[in-house]
Protein chains: 2
Amino acid sequence: MNKPENITIDTIAEKAGTSKMTVSRVLNNHPYVKSKTRSKILSLIKKFKYHPNLTAVNLSRQSSQTIALVIQYEHLFTTYYFTEILQGIEKMVDEYSYNLVILNVTSQEEEDVERITSWYFGKFVKGFLVLAPPQNSVLVKKMREADVPFVLIGASGGFKGSSFVDVENYTGAYKAAKYLIDLGHKHIGFIAGPPERGDAREREAGFRQALADTKIPVAESLVVCGHYKEDLGYQAMLQLLIQPARPTAVFAANDLMAKGAMMAIKESNLQVPKDISLVGFDDIDTAAQLVPPLTTVKQPMFRLGTEAANFLIEHNPEDSKPLHLVLPTELIIRESSSRRWHF
Amino acid sequence: MNKPENITIDTIAEKAGTSKMTVSRVLNNHPYVKSKTRSKILSLIKKFKYHPNLTAVNLSRQSSQTIALVIQYEHLFTTYYFTEILQGIEKMVDEYSYNLVILNVTSQEEEDVERITSWYFGKFVKGFLVLAPPQNSVLVKKMREADVPFVLIGASGGFKGSSFVDVENYTGAYKAAKYLIDLGHKHIGFIAGPPERGDAREREAGFRQALADTKIPVAESLVVCGHYKEDLGYQAMLQLLIQPARPTAVFAANDLMAKGAMMAIKESNLQVPKDISLVGFDDIDTAAQLVPPLTTVKQPMFRLGTEAANFLIEHNPEDSKPLHLVLPTELIIRESSSRRWHF
DNA sequence: TAGTAATATGTTACCGGTATCATAAAAGGT
DNA sequence: ACCTTTTATGATACCGGTAACATATTACTA
């Protein structure tokens with residue numbers, strides 16, 4: 001029953017007959033170590049399966065090499081683009097040899113504030129990336145008050161004083177709506193996202209402005225809310241279809257709802273785009289795989305992740321101005337949209 | 001430019017005119033502190049916004065109060081039930097005042113092994129919950145070799161020696177298939193999950209056994225693979241529909257594929273369940289919201305999370321036997337399935 | 001070959017808490 | 001009033017590393 005002794009840096013130093021400082025130098029690739037000493041130590045490390053105690057390392061270095069991503073798990077499936085952003089984040093985190101942890105925040109943010117910020121105050125993490133917080137986020141408010149370093153992802157709207165990366169929701173939506181108008185559509189439906197989210201509001205604003213700019217009145221009966229969810233997009237579309245003056249084109253504030261809408265259209269024995277043109281937003285993976293492939297507004301999601309992570313890691317909050325980065329969106333024209341044929 | 005001094009336990013002790021030990025006692029609710037002293041210290045803590053350095057606490061206590069959940073982000077959307085499991089985990093984690101971090105593992109597991117296990121070796125986490133690893137998981141293999149504490153969630157199949165929680169995939173699938181058979185169906189299609197996953201194989205085995213037990217031959221042309229993905233479920237169903245002898249019932253190995261399948265059926269102008277009965281597996285949120293609501297096999301996902309987390313937190317690996325817990329599944333009969341009418 | 005620079009290693013203090021043991025003060029018992 | 005408990009607080013060492021500085025060794029230069 002030999003107790004698996006705790007192997008520390010001292011163990012290795014002793015076996016190697018050196019001071020622990022030399023071992024530390026080997027661990028950190030310091031140049032001033034004789035190659036013979038180095039290899040001896042390395043083999044001992046292997047032999048004893050030594051792993052440095054990261055807690056001790058962090059305490060000593062007074063830094064953590066870790067950042068946290070705060071997300072609302074419940075939203076995971078409506079923030080469908082999540083994985084791509086995450087991949088962007090991970091890329092940066094890898095490049096800097098950082099670590100990433102993911103922390104959950106519920107819709108009762110108040111209860112989570114303490115738990116989450118203590119990761120920073122307790123010196124566990126250098127700062128936070130906050131994914132798409134609601135406009136009135138208590139968490140963000142508290143973080144700002146307490147000078148916690150953070151970068152918001154996709155929530156430029158309500159937090160002008162803080163660092164954020166976001167995409168041109170307004171312009172993207174404007175372009176999409178304008179595109180439909182240019183195709184001859186005058187009766188355009190809109191399936192909106194959740195009103196508490198800034199991006200959703202911007203997209204709606206862009207849509208409305210495009211119509212306004214071309215003197216097309218917005219029929220309020222053609223604007224319905226789908227909260228970014230597929231099944232609610234389906235429901236919303238059904239609602240649009242029973243309108244006395246059915247729209248000839250529909251713009252959904254995200255692809256997931258567009259997908260639901262497409263299903264509803266098909267089930268009503270109508271065709272996309274012959275009877276109804278359909279445009280989405282996000283360009284999620286499945287957008288191109290739908291039948292017909294979905295015309296949509298593409299966001300540079302991967303880059304959203306890299307930029308946010310890069311800033312958080314590179315800049316310490318005292319010495320730099322907040323990051324305000326808004327990336328362009330691009331209209332991807334596929335086969336779900338076409339010129340208006342019927343009246 | 002007053003530098004925001006680092007507030008430590010010593011700062012508070014000094015201001016309070018006590019030793020830092022007394023402050024430490026206050027922080028940890030030790031009874032032997034005069035209430036006057038306690039309240040004085042508490043007010044100073046508040047005044048100076050003192051937060052204990054968790055890194056120091058952990059180093060001193062030689063423990064971390066943190067567990068990690070390892071998931072493959074890429075799978076996030078096929079492991080749809082993820083959020084419910086997560087909520088179960090978080091419940092336990094909260095109860096024990098633990099912390100949870102989520103770590104990503106890619107499909108190139110080899111590259112992640114070191115990064116992930118170092119969270120344990122570096123004393124950052126007490127152990128791991130591994131969500132639905134592939135059957136030949138390198139990560140799990142290495143963890144076992146290195147005596148890293150972990151609990152697998154939903155992967156009992158390939159890892160008999162390790163701790164796991166899982167559900168009765170085999171029995172659940174058997175029940176579903178048997179149910180369809182009892183409804184008079186003899187021509188039953190099966191949409192399978194990814195063959196590298198144990199649960200998918202068990203579900204297929206249960207399906208096959210039910211047919212075997214009732215002397216119904218399995219038509220291999222009616223078994224197609226959909227890899228747990230919605231759009232592949234759609235494709236798979238289309239394939240089943242062009243078979244010379246169309247199935248009168250289809251069992252999909254998860255709800256997501258069942259959903260895709262339902263779409264395919266509707267688009268082919270057939271009706272569920274009149275023309276084809278449809279049964280899924282998982283009972284995800286949307287299952288009940290489909291039109292018609294989906295008959296499916298419900299898994300106790302929340303409990304899967306609580307049990308796994310509870311075991312990992314409560315038991316240290318040396319002193320206890322591995323956990324082998326298999327929770328029952330339940331057939332939820334809704335409206336997507338009915339007696340066979342036509343031949 | 002001494003003198004200086006570059007390389008290699010060691011010493012000490014410190015990061016910010018907690019555990020353990022010692023000691024002081026207050027409370028209780030006779 | 002004296003002794004024993006209980007309560008309250010302090011002193012010291014320690015957790016496992018790293019930073020900064022000191023010292024020893026080797027290599028190069030004139």
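Remember, it's a predicted structure, so these values are computed and weren't measured experimentally. In what follows, chains are A, B, ... by sequence order, proteins preceding strands, each numbered from 1.
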Here the distance between atom C1' of C:dC15 and atom CD of A:Q65, to the nearest Å, is 16 Å
Taking OP1 and OP2 of D:dT18, is either one under 4.0 Å from a side-chain nitrogen or oxygen of A:S24?
-> yes
Between CZ of B:R61 and C1' of D:dC14 the distance, given in whole Å, is 15 Å
B:R25 has its side chain closest, among D:dT9, C:dT18, C:dG17, to D:dT9
*Going by distance alone, is a donor N or O of one side chain under 3.5 Å from an acceptor N or O of the other, for A:N58 and A:S64?*
no
Among the nucleotides C:dG16, D:dG17, D:dA20, whichever has the atom closest to the side chain of A:Q62 is C:dG16
Item to complete: For A:N28, report the nucleic acid contact type (base, sugar-phosphate, nothing); a contact means any heavy atom under 4.0 Å.
Response: sugar-phosphate
A:N29 CG to D:dT18 P, in whole Å, measures 12 Å
Regarding the side chain of A:S19, the nearest nucleotide among C:dT11, D:dG17, D:dA8 is C:dT11
Looking only at C:dG17, C:dT9, D:dT18, the nucleotide nearest the A:T22 side chain is C:dT9
- Below 4.5 Å, heavy atoms only, C-beta onward: do A:K123 and B:N6 meet side chain to side chain? yes
Across the strands shown, which category fits B:T37 at heavy-atom distances under 4.0 angstrom: base, sugar-phosphate, nothing?
sugar-phosphate
From NZ of A:K40 across to C1' of C:dT9 the rounded distance in Å is 13 Å
Q.
Within the 3.5 Å criterion, strictly below it, is a donor on B:E314 or B:Y96 matched to an acceptor on the partner's side chain?
A. yes
| message | Any donor-acceptor pair under 3.5 Å linking the side-chain atoms of B:S137 with those of B:E109? | response | yes
B:I7 atom CD1 is separated from C:dC15 atom P, nearest whole Å, by 14 Å
Atom CD1 of B:I9 and atom P of C:dA19 are separated, to the nearest Å, by 11 Å
### Query
So what does A:K20 touch, heavy atoms closer than 4.0 Å: a base, only the sugar-phosphate, or nothing?
base
Separation of D:dA22 atom P from A:M21 atom CE, nearest Å, is 15 Å
* Distance check: side-chain N/O of B:Y50 vs OP1/OP2 of C:dG17, anything under 4.0 Å? -> yes
By nearest-nucleotide position on DNA chain D, the 5'-leaning member of B:H30 and A:K34 is B:H30
- prompt: Looking for any heavy atom pair under 4.0 Å, which part of the strands does A:T18 touch: base, sugar-phosphate only, or nothing?
  reply: sugar-phosphate
Between CD of A:E14 and P of D:dG17 the distance, given in whole Å, is 14 Å
Kindly say if B:N6 contacts the phosphate of C:dG16, meaning a side-chain N or O under 4.0 Å from OP1 or OP2. yes
Looking only at C:dG16, D:dA8, D:dG16, the nucleotide nearest the A:N53 side chain is D:dG16
Review point. Charged N to carboxylate O under 4.0 angstrom, A:R115 versus A:D112?
Key: yes
Query raised in the report: Passes side-chain hydrogen bond (donor to acceptor under 3.5 Å, both in side chains), B:N104 versus A:E90? Steps please.
Result: CA-CA 9 Å; B:N104 182 25; A:E90 294 245 328; 3.2 Å; yes
Testing D:dC21, D:dT9, C:dG17 for proximity to the side chain of B:Y32, the answer is D:dT9
Closest of D:dT18, C:dT9, C:dG16 to the B:L59 side chain is C:dG16
